[in-house]
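Let me begin by presenting the structure, written as structure tokens, before commenting on it.
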There are 2 protein chains.
Amino acid sequence: MPEKVATRQHAVKGGGRACDAYSALIDQVGRLADVVEAIGNGIARPTGQSLARWQVLAEVEHEAAPVGAIACRLGHTRQAVQRVADLLVEDELACYRPNPAHRRAKLLDVTPTGRAALHRMQAAYTQLALRTTEGLDPERLNLARQTLSELQRRLESELP
Amino acid sequence: MPEKVATRQHAVKGGGRACDAYSALIDQVGRLADVVEAIGNGIARPTGQSLARWQVLAEVEHEAAPVGAIACRLGHTRQAVQRVADLLVEDELACYRPNPAHRRAKLLDVTPTGRAALHRMQAAYTQLALRTTEGLDPERLNLARQTLSELQRRLESELP
DNA sequence: TCGGGCATGGCAACATGTTGTCATGTTGCG
DNA sequence: CGCAACATGACAACATGTTGCCATGCCCGA
């Protein structure tokens with residue numbers, strides 16, 4: 001997000017074009033991510049859910065899993081997922097089952113109610129995806145994805 | 001973010017490739033945005049700041065502005081920016097100045113201390129941008145940006 | 001000039017996520 | 001087996017952002 005920050009008035013003197021294009025792209029990524037989040041919440045809201053809950057629920061759609069594993073797959077902390085999972089259980093969209101392998105690490109599982117909610121949201125998502133990609137060149141989308149992937153790789157190597 | 005959700009097990013039957021490529025791209029956007037945020041916070045931390053504060057501070061680097069205007073430019077709510085601005089003032093990186101045009105809407109302005117912090121962060125950002133874009137084709141970055149921009153346009157038209 | 005509409009700021013509740021700490025199960029190795 | 005690492009869950013504090021509400025300052029038109 002530093003984009004707006006360092007970009008606008010800091011055209012990199014000696015860096016040349018790639019650097020400017022980079023800042024603009026990072027900027028765009030941030031904006032799109034915001035919109036995507038809003039869209040996701042918009043899809044989940046009619047079902048009384050949110051993007052965060054949807055994501056957690058979806059992770060156990062096909063197989064119950066302990067909270068820690070879900071957190072790992074989603075790239076969040078255990079605690080963040082634990083809180084959301086507890087809320088899902090409270091709303092009876094999911095439930096905890098005993099884990100034969102670990103007494104402490106209960107398995108989060110979807111309930112029929114949860115599955116119904118999930119299907120409603122996934123249907124809405126698919127419809128939106130179809131509308132959104134209408135007339136778009138798949139190759140262009142793939143190229144963009146590869147570009148972003150390369151940036152992610154490079155940036156991750158800069159992280160602690 | 002619904003990507004992981006609706007994508008993996010929901011290969012859109014009649015939608016064809018664009019739809020799958022779309023889901024994968026949206027997924028990638030989310031992951032990159034997370035990394036960018038982490039990188040931004042990493043750059044700000046040594047200065048005792050954070051990405052949120054940096055962004056607000058940067059918005060008034062060249063001209064003091066009322067909180068509402070900053071919020072608008074950043075695409076956040078007044079309240080969110082107000083809280084951060086108050087923290088910046090508390091830390092003496094910024095200060096409120098009387099607004100000749102509006103007695104209530106004080107102008108947020110950078111202090112010399114704030115300007116120094118800003119410059120340190122911007123320098124780090126620029127260095128990182130140079131490293132990250134090394135050997136990348138600017139045209140490819142621009143193409144990706146345009147693709148994301150198009151998606152943003154389409155998705156925004158689906159918002160309330 | 002008065003009054004309504006709008007912008008602004010302050011407050012509170014909430015959602016989401018992180019970091020840190022602690023106690024307690026689990027596991028695996030000597 | 002027993003103990004030291006490790007995983008897990010529970011709690012608390014904090015950061016960031018949203019929504020809703022209310023009071024007050026500002027502007028413009030009747």
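Below, chain A is the first sequence line, B the second, and so on; all start at residue 1. This structure is a prediction, so every number in the text was calculated from the model and none was measured.
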Once you round it to whole Å, what is the distance between [atom2] of [N] and [atom1] of [X]?
X: B:Arg45; N: C:dT18; atom1: CZ; atom2: P; result: 13 Å
X: A:Glu37; N: D:dG17; atom1: CD; atom2: P; result: 11 Å
X: A:Asp86; N: D:dA10; atom1: CG; atom2: C1'; result: 10 Å
X: B:Arg83; N: C:dA15; atom1: CZ; atom2: C1'; result: 13 Å
X: B:Leu108; N: C:dT8; atom1: CG; atom2: C1'; result: 15 Å
X: B:Arg78; N: C:dC11; atom1: CZ; atom2: P; result: 13 Å
X: A:Arg103; N: C:dT27; atom1: CZ; atom2: P; result: 10 Å
X: B:Arg104; N: C:dG10; atom1: CZ; atom2: C1'; result: 8 Å

(request) Without swapping roles, check the side chain of A:Arg78 against the backbone of A:Gly68 for a donor-acceptor pair under 3.5 Å. (result)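 It does not hold such a pair.
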(message) I'd like to know if the side chain of B:Asn41 and the backbone of B:Leu51 have a donor-acceptor N/O pair within less than 3.5 Å.
(response)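 Yes, because the side chain of B:Asn41 sits within donor-acceptor range (under 3.5 Å) of the backbone of B:Leu51.
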Among [options], the nucleotide that comes nearest once only the side chain of [X] is considered:
X: B:Lys106; options: D:dG17, C:dG10, C:dG17; answer: C:dG10
X: A:Ala105; options: C:dT18, D:dT8, D:dT16; answer: D:dT8
X: A:His102; options: D:dT16, D:dT8, C:dT26; answer: C:dT26

(request) Indicate whether the side chain of A:Thr147 and that of B:Arg140 have a donor and an acceptor atom separated by less than 3.5 Å. (result)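 There is such a pair (donor and acceptor under 3.5 Å, judged by atom type) between the side chains of A:Thr147 and B:Arg140.
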(message) Is a donor from one side chain sitting under 3.5 angstrom from an acceptor on the other, for A:Asp86 and A:Tyr96?
(response)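 There is such a pair (donor and acceptor under 3.5 Å, judged by atom type) between the side chains of A:Asp86 and A:Tyr96.
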(message) Applying salt bridge (Lys or Arg N to Asp or Glu O under 4.0 Å), can you list everything that pairs with B:Asp137, at least two apart in sequence or on another chain?
(response)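 Expected list: none.
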(request) May I ask you to evaluate whether B:Thr77 reaches the phosphate of D:dT19, defined as a side-chain N or O under 4.0 Å from OP1 or OP2? (result)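 Negative; the distance criterion is not met.
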(message) Below the 4.0 Å mark, does D:dT18 have OP1 or OP2 next to a side-chain nitrogen or oxygen of B:Gln79?
(response)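 No, no such contact exists.
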(request) Find which nucleotide of DNA chain C each of A:Ser50 and B:Pro66 is nearest to by heavy atoms, and output the residue with the more 5' nucleotide. (result)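 Whichever sits nearer the 5' end wins; that is B:Pro66.
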(message) Please classify the nucleic acid contact of A:Ala101 as base, sugar-phosphate, or nothing, using heavy-atom distances under 4.0 Å.
(response)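 Sugar-phosphate only.
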